[in-house]
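Here the structure comes first, spelled out in structure tokens, and everything after it is commentary.
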Amino acid sequence: RTEFRPQGGVLEVVDWMHMGGFSFEEQEQHRLPAIYRLLRCLEGRVRVRILFNPKLNYARDKTVLSHTASGLLAEGSEDALCLHAPCPFVLGSQGAEATLTLHEGEDAALILTYGKTERENVPPPLRSLEKTIRFWNRWTSECETGSCVSPGPWKDPAMRSALALKVLAGGRGIAAAATTSLPEIP
């Protein structure tokens, strides 16, 4: 959760990766390859400029953007991303751009999905956020091995690191880059 205070208002931005049900026995089949961004105007009026310019396959391939019924489709030679958005985008040489104005109490959600996912197959933002919070609360309260070690005074930083690694590990995530600077203590 991040707050921005541009002239004329206050904007809250909440980002999350959707996580569904949780069970060690189900081998954690809980990931929907989707990233959500919820924009909320807390005070006044805010204007939000949205830029979308993905580079698939580490920018080795050309990424082609096109409009869909619910937003944008980015396609490369092997991959595709869908950006589901509540506003129209203008395509240009530097990707796609949209402007959105929110008034106090209004919100808007952007949902980025892997593959050609139709909007109706993606959980609504507030339901996804609820399910994701429930998932992490349960995951942090259970112990996968059955013999948990208490990190003592480092519980909060250790849990934040564990959450980041959990999101990046498995599925389509890459954990190596996020772990390159973790201290190693013999």
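Residue numbers count from 1 along this sequence.
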task = Identify the two heavy atoms, one from L100 and one from A108, that lie closest to each other, and give their separation to 0.1 Å.
result = CD2-CB, 3.5 Å
task = Kindly compute the distance separating CG (N53) from CG (L65), expressed to the nearest 0.5 Å.
result = 6.5 Å
query = Which heavy atom of V10 sits nearest a heavy atom of E3, and at what distance?
reply = CG1-OE1, 3.8 Å
ask   = Do any N or O atoms from the side chain of H67 and from the backbone of P88 form a donor-acceptor pair under 3.5 angstrom?
value = no
query = Quick one: do E75 and K116 make a salt bridge, cutoff under 4.0 Å?
reply = yes
Hydrophobic cluster identity match, L38 and I133, side-chain contacts under 4.5 Å = yes
query = Between D15 and Y36, does any side-chain donor sit less than 3.5 Å from a side-chain acceptor?
reply = no
request  = State the NZ-NZ distance between K55 and K62, to the nearest 0.5 angstrom.
outcome  = 10.0 Å
task = Could you tell me whether the side chain of S128 and the main chain of P124 form a donor-acceptor pair under 3.5 Å?
result = no
request  = Please answer: with hydrophobic residues joined when any side-chain heavy atoms are less than 4.5 Å apart, are L73 and L110 in the same cluster?
outcome  = no
inquiry  = Check this for me, if you would: do E104 and R45 make a salt bridge, where the nitrogen-to-carboxylate-oxygen distance has to be below 4.0 angstrom?
reply    = no
note = Rounding to 0.5 Å, atoms CZ (R5) and CG (L11) come to a distance of 11.0 Å
Flag, side chain of D61 to backbone of G76, donor-acceptor distance under 3.5 Å = no
query = Does a side-chain heavy-atom distance below 4.5 Å link L129 with W16?
reply = yes
query = Which pair of non-hydrogen atoms, one from C87 and one from F89, has the smallest distance, and what is that distance?
reply = O-CD1, 3.5 Å
key: Closest contact, heavy atoms only, S66 versus L91   = CA-CD1, 4.2 Å
task = Please tell me if the side chains of P123 and K131 come closer than 4.5 Å, counting only heavy atoms from C-beta onward.
result = no
request  = Hey, could you give me the CD1/CZ distance between I50 and R37, rounded to the nearest 0.5 Å?
outcome  = 9.0 Å
ask   = Between CZ of R49 and OG1 of T99, what distance do you get to the nearest 0.5 Å?
value = 7.5 Å
ask   = Going only through I, L, V, M, F, W and Y residues with side-chain contacts under 4.5 Å, is there a path from I111 to L126?
value = yes
request  = Give a yes or no on whether V64 and F52 share a hydrophobic cluster (residues Ile, Leu, Val, Met, Phe, Trp, Tyr; joining criterion: side-chain heavy atoms under 4.5 Å apart).
outcome  = no
task = Determine yes or no for a side-chain-to-main-chain donor-acceptor pair under 3.5 angstrom, with R60 supplying the side chain and N57 the backbone.
result = yes
inquiry  = Would you say that more than 12 heavy atoms from the other residues, nucleotides or ligands in this model lie under 6.0 Å from the CZ of R1, or not?
reply    = yes
request  = Kindly work out whether a path of hydrophobic side-chain contacts (I/L/V/M/F/W/Y, heavy atoms less than 4.5 Å apart) joins L102 to L42.
outcome  = no
remark   = Of all heavy-atom pairs linking P54 and L81, the shortest is CB-CD1, 4.0 Å
Approximate separation, where rounding is to 0.5 Å, of E106 CD and L39 CG = 11.5 Å
